[in-house]
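Notes follow once the structure below has been shown.
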2 protein chains.
Amino acid sequence: MINPHFSTKERILSAAEDLFAKSGFAGASLRQVTSAANVNLAAVNYHFGSKENLINELFKRRLDDLTAARMAALDKVRSSRQATLEQVLEAFVQPALSLASERGGSSFVRLLARAFAEHDQRLRRFVSDNYGHVLKEFAKVIAQLLPNLPKDALYWRLDFVSGALTYAMSDFGMIKKPAGVTDEQHRRTAAEHFVRFAAAGLRAP
Amino acid sequence: MINPHFSTKERILSAAEDLFAKSGFAGASLRQVTSAANVNLAAVNYHFGSKENLINELFKRRLDDLTAARMAALDKVRSSRQATLEQVLEAFVQPALSLASERGGSSFVRLLARAFAEHDQRLRRFVSDNYGHVLKEFAKVIAQLLPNLPKDALYWRLDFVSGALTYAMSDFGMIKKPAGVTDEQHRRTAAEHFVRFAAAGLRAP
DNA sequence: CTAGCCTTCGAACGCCCGTTTGAAGCGTTC
DNA sequence: GAACGCTTCAAACGGGCGTTCGAAGGCTAG
């Protein structure tokens, strides 16, 4: 399960990502994590200090890359002469898609959905600090592309878009990957459907 | 906090709803629940048998009403001569809105979102058994209203719609109720925005 | 009044939790 | 090869967990 070639720290992070995604932060114990990682129990507190800090490191590791990739994609779209709503949405989704394709990335995506479901203030603060400003940047660009849309309507619709994406990427819904389709293709299809749906929703009369 | 006029069973259910919504099923203990309910610890196992069964009863209590109300609203729309997509979506949202306005209902809505985030198979099975067939009925009606939309696109979009609703109703997003607006008005506004957004998304070219 | 039943109660059960500790291992540096 | 850091280890800590138990309480029917 866990590759023995990686360092203790990395093995813990990987195992924790899987187990927390599966059972929740309170539901998965450090004993389960260290056992899956083939690592001594005390290693968590040695390398991360506490369970809570391990969770934070888990998010930091992935979110730093994700937010950077999203900002880069947004800047690219922004600098093009005639950006479309679809391109902006694509810039938002594509990096998340790449993340989900990484080793363990799909677990992390579900973890992210969990972080939203947890109303725990400490965790929400942490996620929004590392994540919030990117959403604001996207909101600004989208607002420019929909100049006739009142601000309150825009914010509502952006919430709906976030929800739709979170939900779909976490495999909550009834959509199941058909047999004979690679994960990659499945995600590509999901992204295409999402961009069409979200763009139309944002443009609603 | 907990009304002493209600029965032990009801006090436990109310307190459990609040605490599980706030801290998660694994995160809130029966000792916290019974303490908040002003009830002896052993009462949970006496009245419900186990923590897991308490959780099931929690969902049953609300979902039975919700699904019945949704089916009734759908039948009403169905029987009208010329049903619109907006009316069908309204029939889906309105009962959830009423539920959220009930005493403790807003906690339950967040609990429902948690149930989706938990990938726990037992809980998912239970929720989908009590919840799934209603979604299928709505899907059928919506499919008739969008005869040119391929089936796979329809299912993707319905997933997006579910996600948008779940997310928005659980207060995950950045939308905050403005001061001086009642909960009732806030939810009414949310529903209007949602129906417009979802209808447009479903009708996307 | 009393017998019976449903409910509540305090106390305890065994178990697992996150964290800490001090010793053991081990490669690097003088 | 001794001394030093960094890492791993087994073991234990106090505490909270879900659940169980037998006694006590309190209501109703005879």
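Just so it is clear: chains get the letters A, B, ... in the order the sequence lines come, proteins before strands, and each one is counted from 1.
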- request: Could you tell me whether the side chains of B:Gln94 and B:Ser98 share a donor-acceptor contact shorter than 3.5 Å?
  value: yes

task: Might you point out which heavy atoms bring A:Leu85 and A:Arg203 nearest each other, and give the distance in Å?
output: CB-NH2, 3.5 Å

message: Which residues in residues 40-55 of chain B have a heavy atom closer than 4.0 Å to any atom of DNA chain D?
response: B:Leu41, B:Ala42, B:Asn45, B:Ser50, B:Lys51

- request: Determine whether more than 12 heavy atoms belonging to other residues, nucleotides or ligands lie under 6.0 Å from atom CZ of B:Arg70.
  value: yes

Interatomic distance, [X] [atom1] vs [N] [atom2] [rounded to whole Å]:
X: A:Leu19; N: C:dG18; atom1: CG; atom2: P; result: 12 Å
X: B:Arg31; N: C:dC15; atom1: CZ; atom2: P; result: 16 Å
X: A:Phe20; N: C:dG18; atom1: CZ; atom2: C1'; result: 11 Å

message: With a 4.0 Å limit, can you tell me whether A:Ser29 has a side-chain N or O closer than that to the phosphate oxygens OP1/OP2 of C:dC16?
response: no

- prompt: Can any side-chain N or O of A:Arg110 pair as donor or acceptor with the backbone N or O of A:Lys22 at less than 3.5 Å?
  reply: no

query: With no hydrogens and no angle check, is any side-chain donor or acceptor of A:Arg157 less than 3.5 Å from a backbone partner on A:Ala204?
result: yes

- prompt: Along DNA chain D, 5' to 3', what are the outermost nucleotides having an atom less than 4.0 Å from a heavy atom of chain B?
  reply: D:dC17 to D:dC21

- request: Could you list the residues that satisfy salt bridge (Lys or Arg N to Asp or Glu O under 4.0 Å) with B:Lys76, not counting sequence neighbours?
  value: none

- request: Show the numbers, then the answer: is there a ring pair (Phe, Tyr, Trp, His ring centres under 6.0 Å) between A:Phe108 and A:Phe20?
  value: CA-CA 9 Å; A:Phe108 177 74; A:Phe20 287 151; over 10 Å; no

query: Under 30°, 30 to 60°, or over 60°: which ring-plane class applies to B:His193 and A:Trp156, parallel, tilted or perpendicular?
result: parallel

